[in-house]
Student: 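This structure is in structure tokens; I'll ask about it shortly.
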Amino acid sequence: MSRSLATATAIPGNRPCCAVLPAGLDPARLPRHVAVIMDGNGRWASQRKLPRVMGHREGVEALKRTLRLCSDWGIGALTAYAFSTENWSRPGEEVSFLMTLFERVLARELQALEQEQVRIRFLGDLEQLPEGLQQLIADATHRTAANTGIHFNVCTNYGGRRELVRAAQRLAEQAASGDLDPASIDERLFEAQLFTAGESDPDLLIRTSGEQRISNFLLWQLAYAELHITDVLWPDFNEAALTAALLDYQRRQRRFGGVEPHASR
Ligand code: FPP
């Protein structure tokens, strides 16, 4: 992040947009919240006969590009799947590299995120992360909490099923202590126990590298998301690829289980 944000046209449901949108995109029908499964880093590196970790390093550049574009175009939130609860089973060297990468990137980019008014949050079981990373996360979360720009959520040691079990446990504890009537539990109360509490659900999920899976990502929150799967490997994800995803989204008719077509938004 390096360019500053100026304000111009207001897009309903989104933040004021400051940059010219690519031709063909309707500013009034942008998703409010975009989620991304950043897949294909390893394959990107293998294709170049590089170590897998070089793909992750390049993946950071793609993430920064995507965040800047979403911010410039007035999209309200970007949620990225950086490290799943299953990713611990990768070779130890790769896991260590990723943890160090998260620390370095966070330390290096925090000032720019603050200046760009990005509000960053890390979603997942953070207590299992290295101590140094936990401290950086706490600092970044605190320092950007009042920022008014894009919400940038980084899912780290995140698992959708674990998130649902955790929410159920928290509600059960409240019920057991007499603070909550089980009959009063509804979707609103349940959502309030998720890591994403307070965030709107993603309207669009983008998955790169062609795999057609959800992979334990945002199982509750993606209930009505439109899915865009592209063969582009994550490190190659760029303005053209994001534009293609948004154009695909704007071609969809969102029905939310009903029969009357709603324009995508
Ligand atoms: C999946 O590709 C990618 C990951 C598990 C890591 C993604 C992390 C980043 C892009 C870094 C983000 C950095 C910050 C600071 C948030 P893969 O390794 O599964 O690729 P493959 O399927 O080709 O093997």
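Counting starts at 1 for both ligands and their atoms, in listed order.
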Student: Between Arg143 and Asp139, is the closest basic N to carboxylate O distance under 4.0 Å?
Tutor: yes
Student: Relative to the ring of Phe97, is the ring of His56 parallel (under 30°), tilted (30 to 60°) or perpendicular (over 60°)?
Tutor: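 Taking Phe97 first and then His56, their aromatic rings sit tilted (interplane angle of 30° to 60°).
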Student: Parallel, tilted or perpendicular: which one describes the rings of Phe217 and Tyr158, with boundaries at 30° and 60°?
Tutor: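 The arrangement is perpendicular - the two ring planes meet at more than 60°.
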Student: If we only count heavy atoms from C-beta on, is the Arg207 to Arg213 side-chain gap below 4.5 Å?
Tutor: yes
Student: Between Arg48 and Glu58, is there a side-chain N and carboxylate O pair less than 4.0 Å apart?
Tutor: no
Student: I'd like to know if Glu93 and Arg52 make a salt bridge, using a cut-off of under 4.0 Å between side-chain N and carboxylate O.
Tutor: no
Student: Considering only heavy atoms, which protein residues lie less than 4.0 Å from any atom of ligand 1?
Tutor: Met38, Asp39, Gly40, Asn41, Gly42, Arg43, Arg52, His56, Gly59, Val60, Leu63, Ala82, Asn87, Arg90, Phe102, Val105, Val154
